[in-house]
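This report refers to the structure that appears directly beneath it.
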There are 2 protein chains.
Amino acid sequence: MVVSHPLARLLTDGVLPAQCPSRAVLDHVTSKWGVLVLVALSEGSLRWGELRRVVDGISEKMLAQTLRVLVADGFVARDARPTIPPRVDYALTERGRELTARLLPLMDWITANAEAIVSERARS
Amino acid sequence: MVVSHPLARLLTDGVLPAQCPSRAVLDHVTSKWGVLVLVALSEGSLRWGELRRVVDGISEKMLAQTLRVLVADGFVARDARPTIPPRVDYALTERGRELTARLLPLMDWITANAEAIVSERARS
DNA sequence: CGCCGTACCCACTTTCAGGTAAGTTACTGA
DNA sequence: TCAGTAACTTACCTGAAAGTGGGTACGGCG
C-alpha cells in the first residue's frame with residue numbers, strides 16, 4: 001500500500017519537521033473553528049452576523065480571532081463598507097477556494113461516517 | 001460559485017450543529033497530533049518507537065493518547081506481539097485509509113503552499 | 001548481579017485556547 | 001433623548017491540552 005506521493009520526501013525526514021512553516025498553517029486550518037468557518041464560506045460570502053449564526057456555538061471573540069488569522073493567511077477576504085450600522089462581508093479568496101476544494105471531501109467523509117464511528121467506538 | 005454538494009444540507013442548519021457526532025470526530029482528526037500520526041502511517045505500518053521518531057516533536061504521552069483515540073475511532077489497528085522486549089505495530093485500518101485518502105491531498109497542498117502563505121502574511 | 005531496551009502508565013505542573021461579559025462607535029428611528 | 005444595531009475590542013477567568021519526569025514489566029546480555 002505504499003503510494004508514491006509528493007509527501008514521501010517529507011516522511012523520510014519525519015512528518016513535517018517541527019519548526020516547518022506548514023505546521024503553523026496546519027494549526028490555523030485545523031483549529032477548532034478554522035475548518036468550520038472555511039466550510040461555511042465555501043458556499044458564498046457571508047456577513048459577520050451570518051457567520052456567527054451559521055457556525056453553531058462560536059463566540060464573538062473566537063469568530064473575530066479566527067477570521068483575523070484566516071485573513072492574514074490570505075484564505076479569506078474582508079470587505080468592510082463604511083455604512084452605519086457597519087456591514088462587513090467575508091468571502092474566500094482564490095487561495096481559500098483551493099484549500100476548501102481539498103477540505104470539503106474530507107468534511108463530507110467525516111460527516112457521512114461520524115455516526116458509525118462514534119457508535120462503534122470501543123469503550124475507552 | 002455555489003457548488004451543489006452533499007454538505008449543502010448541513011450548511012442550511014448551520015455548519016455542523018454543535019452537538020453533532022461529526023464535531024467529535026473532527027476534533028480527533030484535526031487534533032494537533034492526530035493528523036500527523038495518520039499521515040505518518042499512510043505509507044505503511046510503524047512501530048511505536050518509529051512513530052515517535054517520525055512524528056517530530058511528539059511526547060510519549062501525547063503519542064500514547066493520540067493512538068488510543070485513533071484506535072478507539074477505528075482508524076488505526078494495534079498489533080502487539082507478546083515478545084520480550086515488546087513489539088507493537090500500528091497500521092491504518094480500511095477506515096483509516098479512506099480518511100487519509102482525503103487527508104493527504106490537503107496536507108500536500110498545505111506543505112506546498114505553506115512557505116508562500118507564511119512569508120506573504122500581513123503583519124498581524 | 002545489575003543494567004539495557006521497548007512500550008507503555010501515572011501524577012504533577014504549566015500553558016494557552018477558548019468562554020464570558022462588558023465596553024465602543026456612530027448613526028437611525030421612535 | 002434614548003434604546004437599538006452591527007461589528008467588533010478588551011479584560012478576566014477557567015478548563016482542557018500538552019509537557020515533565022518519574023515508574024513499570026520482562027527477559028537478555030555482559
Side-chain angles (χ1 to χ4, degrees), chain A residues 15-16 18-19 23-38 40-41 45-73 76-91 122-124, chain B residues 14-16 18-19 23-37 40-41 45-73 76-91 122-124:
Chain A
V15 179
L16 313 180
Q19 63 291 63
R23 284 281 186 104
V25 177
L26 186 62
D27 280 350
H28 297 169
V29 171
T30 66
S31 74
K32 179 167 182 187
W33 301 111
V35 200
L36 299 177
V37 169
L38 288 168
L41 290 174
S45 74
L46 290 173
R47 298 184 56 178
W48 164 275
E50 292 171 329
L51 270 172
R52 185 150 167 43
R53 258 168 278 123
V54 165
V55 181
D56 192 22
I58 196 169
S59 69
E60 299 201 335
K61 180 189 151 188
M62 276 304 108
L63 179 54
Q65 194 174 109
T66 304
L67 284 170
R68 266 199 309 270
V69 171
L70 295 178
V71 168
D73 282 353
V76 170
R78 192 189 120 107
D79 175 21
R81 323 274 174 84
T83 60
I84 299 286
R87 177 193 174 101
V88 184
D89 288 291
Y90 292 93
R123 35 262 165 263
S124 178
Chain B
V15 178
L16 313 180
Q19 63 290 61
R23 283 280 186 103
V25 177
L26 186 63
D27 281 351
H28 297 170
V29 171
T30 66
S31 73
K32 179 166 182 187
W33 301 111
V35 200
L36 299 176
V37 169
L41 290 175
S45 73
L46 290 174
R47 298 184 56 179
W48 164 274
E50 291 172 329
L51 270 172
R52 184 148 168 44
R53 259 168 277 123
V54 165
V55 181
D56 193 21
I58 196 170
S59 68
E60 298 202 336
K61 180 189 151 188
M62 277 304 108
L63 179 53
Q65 195 175 108
T66 304
L67 284 171
R68 267 199 308 269
V69 171
L70 295 178
V71 168
D73 281 352
V76 170
R78 191 188 120 107
D79 175 22
R81 323 274 175 83
T83 59
I84 301 282
R87 177 191 176 103
V88 183
D89 288 292
Y90 292 93
R123 35 259 164 269
S124 181

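Each chain gets a letter, A, B and so on, in the order the sequences are listed, and its residues count up from 1.
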Nucleotide N/O of nucleotides 8-11 of chain C paired with protein N/O under 3.5 Å:
{"unit_1": "C:dC8", "atom_1": "OP1", "unit_2": "B:Arg78", "atom_2": "NH1", "d": "2.3"}
{"unit_1": "C:dC8", "atom_1": "OP2", "unit_2": "B:Tyr90", "atom_2": "OH", "d": "2.6"}
{"unit_1": "C:dC8", "atom_1": "N4", "unit_2": "B:Glu60", "atom_2": "OE1", "d": "2.4"}
{"unit_1": "C:dC9", "atom_1": "OP2", "unit_2": "B:Arg68", "atom_2": "NH1", "d": "3.1"}

Tell me whether A:Thr83 contacts the main-chain N or O of A:Pro86 through its side chain, where contact means a donor paired with an acceptor under 3.5 Å. no
Validation: residues 59-66 of chain A side-chain donor-acceptor distances under 3.5 Å, sequence neighbours left out:
{"unit_1": "A:Ser59", "atom_1": "OG", "unit_2": "A:Met62", "atom_2": "N", "d": "3.2"}
{"unit_1": "A:Glu60", "atom_1": "OE2", "unit_2": "A:Arg52", "atom_2": "NE", "d": "3.4"}
{"unit_1": "A:Thr66", "atom_1": "OG1", "unit_2": "A:Met62", "atom_2": "O", "d": "2.6"}

Polar atom pairs (N or O), protein with nucleotides 28-30 of chain C, under 3.5 Å:
none

Can you list, by residue number, the residues of residues 31-38 of chain A that have a non-hydrogen atom closer than 4.0 angstrom to DNA chain C? A:Lys32, A:Trp33
Rounded to whole Å, how long is the line connecting atom CG of B:Asp89 with atom C1' of C:dT6? 12 Å
I'd like to check the side-chain hydrogen bond (donor to acceptor under 3.5 Å, both in side chains) partners of A:Arg47; sequence neighbours left out, ordered by chain and number. none
So B:Leu46 and B:Tyr90, do their side chains get closer than 4.5 Å, heavy atoms only? no
Separation between CG of A:Leu36 and CZ of B:Arg23, rounded to the nearest 0.5 Å: 5.0 Å
Toward the 5' end of DNA chain C, by each residue's nearest nucleotide, A:Met62 or A:Pro86: A:Met62
Beyond-backbone contact of A:Leu67 with A:Val37, side-chain heavy atoms, under 4.5 angstrom: yes
Closer than 4.0 Å, any side-chain N/O of A:Ser59 to the OP1 or OP2 of C:dT20? no
Quick one: list whatever passes side chain to side chain contact (heavy atoms under 4.5 Å, CB included) with A:Ala24, sequence neighbours left out. none
Could you state the interatomic distance from NE2 (B:His28) to CG (B:Leu26), rounded to the nearest 0.5 Å? 10.0 Å
For A:Asp27, which residues count as a side chain to side chain contact (heavy atoms under 4.5 Å, CB included) partner, sequence neighbours excluded? none
Heavy atoms under 4.0 Å, any strand shown: does B:Arg52 hit a base, just sugar-phosphate, or nothing? nothing
Interatomic distance, CH2@B:Trp48 vs CZ@B:Arg53, rounded to 0.5 Å, equals 12.0 Å
Sequence neighbours excluded, which residues qualify as salt bridge (charged side-chain N to carboxylate O under 4.0 Å, His left out) partners of A:Arg87? A:Asp89
Considering only heavy atoms of chain B and a distance under 4.0 Å, specify the first and last nucleotide of DNA chain D in 5' to 3' order that meet this criterion. D:dA18 to D:dG27
Rounded to whole angstrom units, what separation is found between the CG atom of A:Leu63 and the P atom of C:dG19? 11 Å
Provide, to the nearest angstrom, the distance between the CG atom belonging to B:Asp79 and the P atom belonging to C:dA7. 12 Å
Provide, to the nearest angstrom, the distance between the CG atom belonging to A:Asp27 and the C1' atom belonging to C:dG18. 15 Å
Determine whether B:Arg78 and B:Val88 make a side-chain contact, defined as any pair of heavy atoms from C-beta on separated by less than 4.5 Å. yes
Got a sec, which residues hit side chain to side chain contact (heavy atoms under 4.5 Å, CB included) with A:Ala91, two or more places apart in sequence or on another chain? A:Ser45
What's the separation between atom CG in A:Leu70 and atom CG in A:Leu41, rounded to the nearest 0.5 Å? 8.0 Å
Contact summary for A:Ala40 and A:Leu51, nearest pair of heavy atoms: CB-CD2, 4.0 Å
Using five base pairs at each end, measure the axis-to-axis angle across the helix from C:dC1-D:dG30 to C:dA30-D:dT1 and round it to 10 degrees. 20°
Here the distance between atom P of C:dG18 and atom CG of A:Asp56, to the nearest Å, is 16 Å
